[in-house]
Amino acid sequence: MEIENNLPKTFDPKAAEDKWYAKWLENKCFKPKAGKQKRTFTVLMPPPNVTGKLHMGHALDATTQDALIRYKRMKGFETLWIPGTDHAGISTQAVVEKLIWKEEKKNRHDLGREEFLKRIWAWKEQYGTEIVNQQQKMGVSCDWDYSTFTLDEIPNKAVKKFFVMLFNEGLIYQSDYIVNWDPVLQSAISDAEVEHKEVRGHFYHLKYKVKEDPTIELVIATTRPETIFADTAVAVNPNDERFKDLIGKTAIIPICNREIPIIGDEHVDIEKGTGCLKVTPGHDFNDFEIGKRNGLPIINILNKDGTFNTNAPEIEGLNPKDARAEVERILIELDVLVEKKDHVHPVGHGQRSDEIVEPMVSKQWFLNTTAMSQVAVEAVENGEMTFFPKGWENTYFAWLKSPKDWCISRQLWWGHQIPVYYCRHCDAKWAAEETPSECIDCRDTDIFQDPDVLDTWFSSGLWPLSTLGWPDEKAMEEKGFDKFYPNSTLITGFDIIFFWVARMMMMGMKVTGKAPFKHTYIHAIVRDKQGRKMSKSLGNGIDPLDMVSKYGADAMRFTLAAGSGYNRDLNLDPERIEGYRNFVNKLWNAFRFIYPYLDKAQDELPIKSEWHLHDKWILAELNTVAKSMNESLDVYRFDDASSAIYAFVYDKFCSWYIELSKNILYGEDEKAKIVRATMLKYCFRKIVALLHPIVPFITEEIWSYLESDETKLLAVQDYVEFDPSLENAEVQDMMNRFIEVTTGVRNIRSSVNMKPKDEIDVKLFTDDKKLAKFIYDSRHFLKDLANVKSGTIRNKTQERPKKSASLATVHTEIFIPLEGIIDINEQVNRIKKDMEKTQNEYKKVEGKLNNQNFMSNAPEEVRAEVQEKAKMFQDKLQSLNQILESFL
RNA sequence: GGGCGUUUAGCUCAGCUGGGAGAGCGCUACCCUUACAAGGUAGAUGUCGGGGGUUCGAUCCCCUCAACGCCCACCA
């Protein structure tokens, strides 16, 4: 009896994706709406940089956040997910500069600040739009009306307001300080933006003459001989017997022959190098400190582009690499170089430019974060904000508990220009939120703004505030600041815990006194299947949109969710996406199966007395999975939630419940058909609801067949909650045994190479009366599932058939009489093997029961459990013995 | 150097406050069975990194060793 089915055999993701995303937008599903929880749930999207295309890390970000927000939305929270993009000062400026150079052979100075900024804005418009397209293809359910760009008017106001506030408190100050100078960007960068890499270099030992005593030659060790031009002292440890008499005398720098003092400073390590240290306050962090302690002058020998300036005439204009070679040559010529040996040491590189950063002294703006970090630490310690998984708070603390002042100025053009103004007429310097027209002191109009811009993370740190309108009162009202701040959960990667999470905490608390979010879920970093970072240079990157077009957005999302728990790496193999694509298709085909019976199905569940045993079972299992999904999603275990529903759909629903339904649906009992069709429809409605947060497209598509009211989209239906009235451990237990018996029969069939078409006679022996009844009630199903023609169920006092293919579970013996057809030896061996295994297991539990210490110390329930197990193994051994006897 | 983390089936990983070792993929055999070959049925696979300790009992707790990874600090 073939039933007409006009649904396609495989699910077509593309059509569903475009169709349903448009429908969701059209119905304003993503806008906050008050729900039964009477509470809000807010998530703030980490704004992607406008530098280019989204990568797998963004896809993971998007998937986990979307799953969470869809889940909460269905649970009846008033949900808001705020999207946006980041101007990403340094990287964006660098990318655009490079592009302009490539196309027009012009640098930013050739264009001028205004024109250059115009170009970046044009670029931003293009890529910003592309990012939104990509996100929508992945199904993100954010409220696009809230979309914010970090250089928009409100964030700009926020930055100015915050800056002026802290400036006036004296927390922001300007200072000549040694900073990490990136010669490519020609800007200072913060400590956090420096990456240390092992570099092969050399240790040079150089002779410095002592003016007062030409017989003494000091040997100093350095890895950077080219910086001797900036030396302003030689330092030794005042406790160093070898050199302490030299303190106060004068050393002469080779090549330039400048005289510098020999000083004593505790910082010098007697053991390290030669014990003599050349002090270069202008180009070394430690030396800068020594210089400050000892009042040494600072000499700068570098230009902004990293080449040497006139203070180092012999190497003027050279880059560091050539300069070093040249200095080395001169040193050899002067016979000053005593020794040169290979040396591997860490050298700071710019995170964005990947060039060696040069410590250089310059005037920069700093933010004193001492008090703010203290507050941010306390908020986590006292539980106002919690990390998931908890371990990440260590990273957070490590950063905030030893706060260093934050260098917030950057010598770039793309960003928030520092709202500090200077007067050319007098010496006034002040910060202001509104652009002033005259000097604050002398009222002269010849004033100018500081040309530097702020570190990108300065505006990112204010993101939870500015996206909700702060500090503009009207905007705050419109966007519901009071309602949605603090946010609920922040989802991001561990690589930006201190760049971003810590800064948002500091700044949010500074402004409002409240932590900007209650939870921070730190997800894994996506790597390739071998665990390597995805990068352009390795060429191992996977483009999320390629995956979406190849396997569908749902498959990709399920893969990412299934891989996202409390782990720190997610090694992504495209084969796994294919696997989950198959799962999505499985779901589709399960639906195809029930589709023809939908018109028989009723809207409400039948009364309980009409439920078949199998119905009770599937509802109990469904209830179990609902419970576990709720619990998992509440604590961001997307992996557990995914595998729970995966196992349910595959194993329980498809493999058993659908198979068990065929007998009824293909049968003659119309009443039973209606009940079963109703059950299937009900289950499917619950299944797609449970799955919707992870795979929104296919579930919405299937929902459209299950819900007659077209205005009721699945995206805004109720999530499935645990229902105690559906619990039924006894039926679940019986069903498991029934499954064991069925599998046992199939197992025997397979062990004697029986064809699926061969019908068999089965004789079961069990002392479990309830089970016997259950199997008897399900006898027609057993026939279908294992192609059983006839059979009997008896208790174990009855005589067993002779020489049958057989098998024993702990509760049931299965015999299939096949005398003459089967290989007796093979069967006996199989049973003996099982016996040995069971024997071993039995010995283990028996050992425990014979152990006095176990019996007196183990808790009651554990003892009972072990006793029960012992009984089970005993029963099984007895059964196996019976079977062996039947072969005699 | 300081800190964090990892080591469980061929691969990727899960195992909650100690109490019979799990999943997915892969693999093997047989099947185009009327939802699905992007499928079905059955099956195999582990000294839970090494050593020691605590405990009646350790994949789980403590110590130690080893390997690997990450973060922070450091251009003598």
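Here is how names work: the chains are called A, B, and so on, in the same order as the sequence lines, proteins then strands, and each is numbered from 1.
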Legend entry - Heavy-atom protein contacts under 4.0 Å, nucleotides 27-32 of chain B, coded B base, S sugar-phosphate only, - none: ----S-

Inset, instruction - With heavy atoms under 4.0 Å as the rule, sort A:E631 into base, sugar-phosphate or nothing. - result: nothing

Legend entry - Nearest to side-chain heavy atoms of A:E659, which nucleotide of B:G20, B:C13, B:C36: B:C36

Legend entry - Phosphate-side-chain proximity, A:Y666 and B:A35, N/O vs OP1/OP2 below 4.0 Å: yes

Legend entry - Strand RNA chain B as a dot-bracket string - pairs counted if Watson-Crick or G-U with both distances under 3.5 Å, | where the partner lies in another strand: (((((((..((((.....[..)))).(((((.......))))).....(((((..]....))))))))))))....

Legend entry - Nearest-nucleotide pick for A:Y580, side chain only, options being B:C56, B:A38, B:G24: B:G24

Inset, instruction - Ignoring the backbone of A:P859, work out which of B:C74, B:G19, B:C75 is nearest its side chain. - result: B:G19

Legend entry - Parallel, tilted or perpendicular: rings of A:F591 and A:Y705 (30°, 60°): tilted

Inset, instruction - Could you pick out which residue, A:I356 or A:N851, lies toward the 5' side of RNA chain B when each is mapped onto its nearest nucleotide? - result: A:N851

Legend entry - side-chain N/O A:K9 vs B:C36 OP1/OP2, d < 4.0 Å: yes

Inset, instruction - Establish, for the pair A:R637 and A:Y566, whether the NZ or CZ atom is under 6.0 angstrom from the six-membered ring centre and no further than 45 degrees off its axis. - result: yes

Legend entry - Short side-chain N/O contact from A:K662 to OP1 or OP2 of B:A35, under 4.0 Å: yes

Legend entry - Side chain of A:N857 (C-beta onward), nearest among B:C56, B:A35, B:A42: B:C56

Inset, instruction - Assign the ring pair A:H345 / A:H343 to parallel, tilted or perpendicular, where the plane angle (0 to 90°) is split at 30° and 60°. - result: parallel

Inset, instruction - May I ask you to evaluate whether A:Y646 reaches the phosphate of B:C25, defined as a side-chain N or O under 4.0 Å from OP1 or OP2? - result: yes

Inset, instruction - Identify the residue among A:F697, A:Y580, A:F638 that makes a ring-ring contact (aromatic ring centres under 6.0 Å, His included) with A:F558. - result: A:Y580

Inset, instruction - With A:K401 as the cation and A:F397 as the aromatic partner, state whether NZ or CZ is under 6.0 Å from the six-membered ring centre and within 45° of the axis. - result: yes

Inset, instruction - Before accepting this row, confirm whether a basic side-chain N of the pair A:E339/A:K341 lies closer than 4.0 Å to the acidic partner's carboxylate O. - result: yes

Inset, instruction - Please work out which of the three classes, parallel, tilted or perpendicular, describes the rings of A:F388 and A:Y636, given edges at 30° and 60°. - result: perpendicular

